[in-house]
Amino acid sequence: MSTQITVTVLPASTKAGEETIRALLALALLNSDTKLSIKAIYRDPSKAPAGFTSLPENKFSAVKGDVGDLSTLDFTDSNVVFYIPPPTYDGTDTEKWAHLTAKNIKTALNSAAGGKVKKLVLFSAIGAQHPDGIGILKLNHITDAILTGGEDVEVHEKVVIRPGYFVEGFASFLEEALGPTASISSWLTPLDYRAPVVSVKDIASTCAKEILKPFSPSGITSPRYIKIFGPRHYSAQDLHQAISTALDRKDIKLNPVSPEHLAEYFGQVLPEQYVQEFVDMTTAVLPGGVMADDFGYDDVDENHVVVRGETALVDAIRVVYEGLLRKEEGRKGAAN
Ligand SMILES: NC(=O)c1ccc[n+]([C@@H]2O[C@H](COP(=O)([O-])OP(=O)(O)OC[C@H]3O[C@@H](n4cnc5c(N)ncnc54)[C@H](OP(=O)(O)O)[C@@H]3O)[C@@H](O)[C@H]2O)c1
C-alpha cells in the first residue's frame with residue numbers, strides 16, 4: 001500500500017533545509033511506496049534551486065513565507081513539519097527573535113492540530129540544552145523550550161536534531177587560505193583540540209530518514225533527541241590538513257586565534273551586536289567550556305541517540321571548495 005506524505009520545510013533556504021529536501025527526494029525515489037510532496041517555505045521562492053522547481057508541483061512546491069510573520073505560515077496540509085530556526089543578523093535581539101519565531105511556529109502547529117500534522121522535526125544544535133542558552137545558541141535553547149518543553153504544542157511526535165558544527169561553516173577558513181595571506185586563522189584552539197564537525201550531507205540524511213520514518217505508536221517517549229557528529233571529531237590541524245589536501249597546496253599556514261582575541265576575530269565578520277554571542281558559544285566549546293562534555297559518541301539512553309556521519313572531512317571540504325568555485329564563476333559570469 002502506498003503512503004502519501006506531505007512535508008513542510010521551513011525556511012527551505014537554510015543549508016540544512018535545502019540539503020534535507022535533496023535527501024528526501026532521493027529517499028522517495030528509492031521507495032516507490034512513498035508518495036512524497038514537499039512544501040518548501042522561502043522568503044523569496046525564486047531562490048528555490050532549479051533542480052527542485054523543475055519537479056511536478058505535487059512533488060515540490062516553493063511557497064512564500066517568513067517565520068517572523070505568522071500570517072504567512074499554514075501547516076494544515078502537512079503531515080510533518082521540519083523547522084530550522086534561522087539566525088538573524090539584522091539588528092534584531094536574538095532572544096526576542098527566538099521567542100517571536102518559535103511562538104509563530106507553535107501557533108501555526110496548533111492551528112493545524114486535529115488535522116494532518118503528526119510530527120515536528122526540530123533542528124537545534126549541540127549544547128542548546130544548557131540553561132539560558134549559550135550565546136547565539138539562545139536561539140535554539142528558547143525554540144526547543146517553546147516547541148518541545150511542554151505539552152502545549154499539539155503534535156503527536158517531536159524529534160530534536162542536535163548536530164555539531166557544519167563543515168560548510170568552515171568555508172571562511174578556505175576563503176582565507178585562498179587569499180593573499182595563504183593562511184587559516186582558527187578559533188578552534190589549541191590547534192590539536194577536537195570538536196564535533198559534520199557535513200550537512202550527513203545531517204540531511206539523518207533528518208530525511210527521521211521525517212519519513214512511520215509515525216511512532218502513542219506512548220513512545222517524545223521528544224527524542226538526535227546528536228549528529230562526523231565520522232570522528234576534528235581539530236584545527238585536521239581542518240588545515242583537509243584544506244591543504246583539497247587545494248593541493250603545501251604552503252598554507254595555520255594560526256591560532258587565542259580566546260582573548262575572539263571578540264576581535266568575530267568583530268571582523270559580524271555586526272557588533274552579535275560578537276559576544278559568538279565569543280560565548282566558542283569559549284563554551286573550547287577545553288574547560290560548559291559544552292566540552294557534550295561530545296561523547298556513547299552519550300545515549302532511551303530517548304537520546306548519537307548518529308555518526310560517514311562523510312570524511314576532506315571529502316566534505318572538497319564539496320565546499322567546489323561550491324566556492326561555482327560561486328566565483330557565477331560572479332564572473334554576471335560581471336561580463
Ligand atoms: N552553522 C552551523 O555550524 C550549525 C551547527 C549546528 C546547528 N546549527 C543551527 O542551524 C540553524 C541554521 O543556522 P545557519 O547559521 O546554518 O543558517 P543558514 O542555514 O545559513 O540559514 C539562514 C537562512 O535562513 C533564511 N531566513 C532568515 N530569516 C528568515 C525568515 N525570517 N523567514 C524565512 N527564512 C529566513 C535566510 O534565507 P533567505 O535570505 O534566502 O531568506 C538565510 O539564508 C540554526 O538554528 C543554527 O543554530 C547551525
Side-chain angles (χ1 to χ4, degrees), residues 15-16 87-89 94 125-127 134-139 163-200 203 229-292 294-295 309 311-328 331:
K15 291 187 273 300
T88 185
Y89 303 113
T94 300
I126 187 168
I134 302 166
I136 191 71
L137 294 179
K138 276 185 284 195
L139 171 66
Y165 281 101
F166 299 176
V167 176
E168 288 69 8
F170 292 94
S172 59
F173 279 26
L174 256 170
E175 282 168 328
E176 193 189 353
L178 288 164
T181 60
S183 62
I184 294 170
S185 308
S186 173
W187 50 261
L188 189 57
T189 58
L191 296 175
D192 61 353
Y193 175 69
R194 290 181 174 167
V197 177
V198 54
S199 77
V200 173
I203 295 170
F229 296 154
R232 65 173 179 83
H233 293 335
Y234 297 107
S235 66
Q237 285 171 346
D238 295 323
L239 282 155
H240 172 250
Q241 191 178 31
I243 289 171
S244 300
T245 305
L247 300 182
D248 194 19
R249 300 248 310 252
K250 292 197 170 62
D251 60 325
I252 294 162
K253 296 177 285 296
L254 176 63
N255 303 317
V257 177
S258 58
E260 59 274 22
H261 288 115
L262 285 172
E264 195 186 317
Y265 173 81
F266 288 120
Q268 291 165 24
V269 287
L270 285 167
E272 198 189 334
Q273 177 184 353
Y274 304 102
V275 167
Q276 193 55 42
E277 294 184 351
F278 272 77
V279 172
D280 291 347
M281 179 178 69
T282 305
T283 46
V285 166
L286 300 183
V290 288
M291 279 168 65
D294 295 339
F295 303 164
T311 308
L313 182 64
V314 67
D315 295 328
I317 288 285
R318 282 199 176 102
V319 172
V320 179
Y321 181 41
E322 284 159 15
L324 286 181
L325 290 178
R326 272 197 305 277
K327 235 176 122 187
E328 185 55 28
R331 253 197 302 266

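Please read these numbers as outputs of a predicted model, since none were measured by experiment.
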Peer 1: Testing the basics here: between Ala292 and Val285, what is the closest heavy-atom pair and its distance to 0.1 Å?
Peer 2: CB-O, 4.0 Å
Peer 1: With a 4.5 Å heavy-atom cut-off, do Leu247 and Leu174 have their side chains touching?
Peer 2: yes
Peer 1: So which heavy atom on Leu188 is nearest to which on Ala195, and how close?
Peer 2: CD1-CB, 3.9 Å
Peer 1: If we only count heavy atoms from C-beta on, is the Ile126 to Pro196 side-chain gap below 4.5 Å?
Peer 2: yes
Peer 1: Testing the basics here: between Gly127 and Asp294, what is the closest heavy-atom pair and its distance to 0.1 Å?
Peer 2: CA-OD2, 3.7 Å
Peer 1: So Tyr89 and Phe278, would you call those rings parallel, tilted or perpendicular, with 30° and 60° as cut-offs?
Peer 2: tilted
Peer 1: Between Arg194 and His233, which heavy-atom pair has the shortest distance, and what is it?
Peer 2: CD-O, 3.5 Å
Peer 1: Report the C-alpha separation of Val279 and Phe266 in whole Å, then their side-chain angles, then the decisive distance to 0.1 Å, and conclude whether the side-chain contact (heavy atoms from CB on, under 4.5 Å) test is met.
Peer 2: CA-CA 8 Å; Val279 172; Phe266 288 120; 4.1 Å; yes
Peer 1: Are the side chains of Arg249 and Ile243 in contact, using a 4.5 Å heavy-atom criterion?
Peer 2: no
Peer 1: Would you name the heavy atoms of Leu324 and Glu175 that are closest together and state the gap between them?
Peer 2: CD2-OE2, 3.6 Å
Peer 1: Decide yes or no for Phe170 and Val320: does some side-chain heavy atom of the first lie under 4.5 Å from some side-chain heavy atom of the second?
Peer 2: no
Peer 1: Is there side-chain contact between Ile184 and Leu239, with at least one heavy-atom pair below 4.5 Å?
Peer 2: no
Peer 1: Check step by step if side-chain contact (heavy atoms from CB on, under 4.5 Å) holds for Phe173 and Ile317.
Peer 2: CA-CA 10 Å; Phe173 279 26; Ile317 288 285; over 6 Å; no
Peer 1: Below 4.5 Å, heavy atoms only, C-beta onward: do Pro259 and Thr189 meet side chain to side chain?
Peer 2: yes
Peer 1: Please check this pair: side chain of Glu168 against backbone of Val200, looking for a donor-acceptor N/O pair closer than 3.5 Å.
Peer 2: yes
Peer 1: Got more than 12 heavy atoms from elsewhere within 6.0 Å of CD, Glu272?
Peer 2: no
Peer 1: Calculate, to the nearest 0.5 Å, the distance between atoms CD and CG belonging to Glu328 and Leu178 respectively.
Peer 2: 9.5 Å
Peer 1: Can you say whether the rings of Tyr193 and Phe295 are parallel (under 30°), tilted (30 to 60°) or perpendicular (over 60°)?
Peer 2: tilted
Peer 1: Which distance, rounded to the nearest 0.5 Å, do you find between the OH of Tyr265 and the OG of Ser172?
Peer 2: 4.5 Å
Peer 1: Tell me whether His240 contacts the main-chain N or O of Ile252 through its side chain, where contact means a donor paired with an acceptor under 3.5 Å.
Peer 2: yes
Peer 1: Which distance, rounded to the nearest 0.5 Å, do you find between the OG of Ser185 and the CD of Gln268?
Peer 2: 7.5 Å
Peer 1: Considering non-hydrogen atoms only, spot the tightest contact between Val167 and Ser199 and give its length.
Peer 2: CG2-N, 3.6 Å
Peer 1: Go through it in stages, so that I can follow the logic: the residues are Ser244 and Lys250, the test is side-chain contact (heavy atoms from CB on, under 4.5 Å), and I'd like the CA-CA distance, side-chain angles, deciding distance and then a yes or no.
Peer 2: CA-CA 6 Å; Ser244 300; Lys250 292 197 170 62; over 6 Å; no
Peer 1: Does atom NZ (Lys327) have a neighbourhood of more than 12 heavy atoms from anything else shown, all under 6.0 Å?
Peer 2: no
Peer 1: Atom CG in Leu262, atom CE in Met281: separation rounded to 0.5 Å?
Peer 2: 10.5 Å
Peer 1: Quick one: OG1 on Thr283 to CD on Glu260, what's the gap to the nearest 0.5 Å?
Peer 2: 11.5 Å
Peer 1: Going through the distances and angles, do Thr94 and Gln273 end up as a side-chain contact (heavy atoms from CB on, under 4.5 Å)?
Peer 2: CA-CA 10 Å; Thr94 300; Gln273 177 184 353; over 6 Å; no
Peer 1: Hey, could you give me the CG/CE distance between Leu286 and Met291, rounded to the nearest 0.5 Å?
Peer 2: 10.0 Å
Peer 1: Has Gln241 got more than 12 heavy atoms of other residues, nucleotides or ligands less than 6.0 Å from its CD?
Peer 2: no
Peer 1: Flag the pair Asp238 / Arg232 as yes when at least one side-chain heavy-atom distance between them is below 4.5 Å, and no otherwise.
Peer 2: yes
